[in-house]
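As a basis for the values below, the full set of heavy atoms in this structure was taken, side chains included, without hydrogen atoms, waters or symmetry mates. Order of the sequence lines fixes the chain letters, A, B, ..., with proteins taken first and strands second; residue numbering starts at 1 for each chain.
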Amino acid sequence: MRIPHQAEGFIPALKVYNTLTREKVDFEPINPPFVGIYLCGPTVYNLAHIGNARPAVFFDVVRRYLTYLGLKVRFVRNITDVGHLTGDSDEGEDKISKQAKLEQIEPMEIVNFYTQKYHQVIDKLNVLRPSIEPTATGHIVEQIELVQKILDIGLAYVSDGSVYFDVNKYRMKENYGELSGRILEELLETTRELEGQKEKKNSADFALWKKANPEHLMRWNSPWGEGFPGWHLECTAMSTKYLGKSFDIHGGGLDLMFPHHECEIAQAKAAYGEAPVKYWMHNNMVTINGTKMGKSLGNFITIEDLFSGKNELLERSYSPMTVRFFILQAHYRSTLDFSNDALLAAQKAYKRLINALMIVKKLAYPLHPKSEIDEQNDEQIQGFCDTMLKGMQDDFNTAIAIGQLSNIVKKINSFYINPETIDTIKQGTFERMKSLYQTMIEDILGLEEEKSDNQEAFLRALLDLYAEAKEKKEYATVDKIRASFKNNNLIIKDLKNGVDWAYQE
RNA sequence: GGUUUCGUGGCCGAGUGGUUAGGCAGGGCUCUGCAAAAGCUCCCACAGCGGUUCGACCCCGCUCGAAACCUCCA
């Protein structure tokens, strides 16, 4: 994919790192101009944490960038509201059911509650809503059909009301482990004793459909009795339904590579005989003091915590755009280490970028340029723009892009201070810089101005001046302030015990 | 134990076989009633040891160190 309308500079084709082949390759959509992206979404039984924010934000940028390139993107991000097993001691219990019992409410209530919570914080991060946001519970029929299909083909077997994928049989034709690089023999040696192991032919087999225990809250009828879908099934069923048997990009966290995505490939190849995904993209983990953040490790910070500052690991609160900027400042395949210092630095850098954004919108090239062109400066600015786009073309390197934006900020500020020097660069260069700066920040990186919400404080300060002027009988000032309030449809009220403001009725 | 990744300046974080990443912090200068902002500028690097090369932070090997995955997890 090439950049549209970029006459200046040579910008190479878009490259993406494909986890499947472990190399950067040219991105060529299967059916241009259409692109299908499937991203593993949240399991809605808990509040979203920083680790959930990273894929949401990064793949949002992927989507925005591909759209910028002129592609028509269908972006699917699922909501997992059933199915995934809980940790070791829970003996195959459904996460959401477990949480429901804990909170003594309907599972669906949990699901709705946390889905809304998820939307709230993700919206604040300015992540565009997916084109389609399917839920696992809404696709039980499709999942049962998929299980049946794999059974019919003979790559699964029924055992005591559950259905398992026959990894050994699949392996005779396909390469189980092609994505994660796992070797089955090694897996067998290291696989731990888990519940349900006895029912399996082979410890590496995984459940497509799981029989529900009597106390299990979420359950559906199926040809194999009451139960619930296996842990990896929903993504295969829903991605196939909405993006087809073979689609362009499947994204998710690195930790989902095995077993989740490996199993998705196996399920899809078993059922349809073709590879489901052309480009697998995995974002790296967020760490805290060099250690992975995990639900089970108890060191996780929710996104809400970040916004409110209410977490003992946080020295203060950080705005949504600060968090978004922080995430994009690192390349998605690097681990991102969290710290207060890093967040604070990100906040300052973000504000600097936004200040320049407000400035650049007001800058204009003179109608009658009279200065001599400063070729060196002109070339430098073109170079920043080129490098920025090259960075994005090179596996979505947002870190490079942001670095170049910072370089452009200096130029913008210089032109702001000395507007008469704007015509020392060519008009084309100026317009390119201006439009690319805005497009990159707002449309591609999805960063937006965060208006301060303390207008009350501003009004108070003005009212103080008003009262002071009145005291001194400086009525010219008094009238001026009153007029400016009035211009904004506000009125000043002189009260016996002070001044106040109100909306003009 | 197996698989994989990584080790960059006070902190965060890109990148490359020979040329400035960038941000934050710190020093200096300009501007300035004070302060801030902004501009200019300086400082601080590529874990260690070998090898390949005219030349390596970047390639290869070893050592040390860290992390992730192998089990639900973004």
>> When the C1' atoms of B:A25 and B:C59 are compared, how many Å lie between them, rounded to an integer?
In response: 35 Å

> What class does the angle between the rings of A:F396 and A:Y65 fall in, given that below 30° is parallel, 30 to 60° is tilted and above 60° is perpendicular?
Replying inline: perpendicular

>> Dot-bracket for RNA chain B, please. Rules: Watson-Crick or G-U, both distances under 3.5 Å, ( ) within the strand, [ ] when a pair crosses earlier ones, | for another strand, . otherwise.
In response: (((((((..(((.....[...))).(((((.......)))))....(((((..]....))))))))))))....

>> To the nearest 0.5 Å, what is the distance between NE2 on A:H250 and NE2 on A:H282?
In response: 6.5 Å

> Reckon A:G51 touches a base, only the sugar-phosphate, or nothing at all at heavy-atom distances under 4.0 Å?
Replying inline: base

> How does each nucleotide of nucleotides 9-21 of chain B score, in 5' to 3' order, for protein heavy atoms under 4.0 Å: base (B), sugar-phosphate only (S), or none (-)?
Replying inline: ---SSSS-----B

>> One character per nucleotide, please: for nucleotides 25-33 of chain B, 5' to 3', B when the base has a protein heavy atom closer than 4.0 Å, S when only the sugar-phosphate does, - otherwise.
In response: S--------

> Can you tell me how far P in B:C12 sits from the matching atom in B:U4, rounded to whole Å?
Replying inline: 28 Å

> Distance between the P atoms of B:U8 and B:C46, in whole angstroms?
Replying inline: 11 Å

>> Using heavy-atom distances to pick each residue's nearest nucleotide on RNA chain B, tell me which of A:S414 and A:R333 is more 5'.
In response: A:R333

> Between B:A21 and B:C64, how far is it from one P atom to the other, in whole Å?
Replying inline: 32 Å

>> Between B:A56 and B:U16, how far apart are the two C1' atoms, rounded to whole Å?
In response: 10 Å

>> Would you measure the distance from the P atom in B:G7 across to the matching atom in B:G13 and give it in whole Å?
In response: 11 Å

> Can a donor-acceptor pair be found between the side chains of A:E234 and A:T80 at a distance below 3.5 Å?
Replying inline: yes

> Taking for each residue the nucleotide of RNA chain B bearing the nearest heavy atom, is the 5' side occupied by A:T287 or by A:R22?
Replying inline: A:R22

> With a 4.0 Å cut-off on heavy atoms, is A:R352 in touch with a base, just the backbone sugar-phosphate, or nothing at all?
Replying inline: sugar-phosphate

> Among side-chain atoms of A:N168 and A:Y176, is any donor-acceptor pair under 3.5 angstrom?
Replying inline: no

> Any chance the side chains of A:H331 and A:Y17 put a donor and an acceptor closer than 3.5 Å?
Replying inline: no

> For the side chain of A:L256, counting heavy atoms from C-beta on, which of B:A74, B:C70, B:C40 is nearest?
Replying inline: B:A74

>> For A:K434, is the NZ atom crowded, meaning more than 12 foreign heavy atoms sit under 6.0 Å from it?
In response: yes

>> Can you tell me which residue among A:T322, A:V323, A:T302 is in a side chain to side chain contact (heavy atoms under 4.5 Å, CB included) with A:F307?
In response: A:V323

> Counting just side-chain N and O atoms, does A:N413 come under 4.0 Å of either OP1 or OP2 of B:A38?
Replying inline: no

> Among B:U4, B:A74, B:G23, which nucleotide sits nearest the side chain of A:P55?
Replying inline: B:A74

> Looking only at atom P, what distance separates B:C62 and B:G55, rounded to whole Å?
Replying inline: 23 Å

> Taking the P atom of each, how far is B:G9 from B:G48, in whole Å?
Replying inline: 10 Å

> So, A:D60 side chain and A:L128 main chain: donor-acceptor pair closer than 3.5 Å or not?
Replying inline: yes

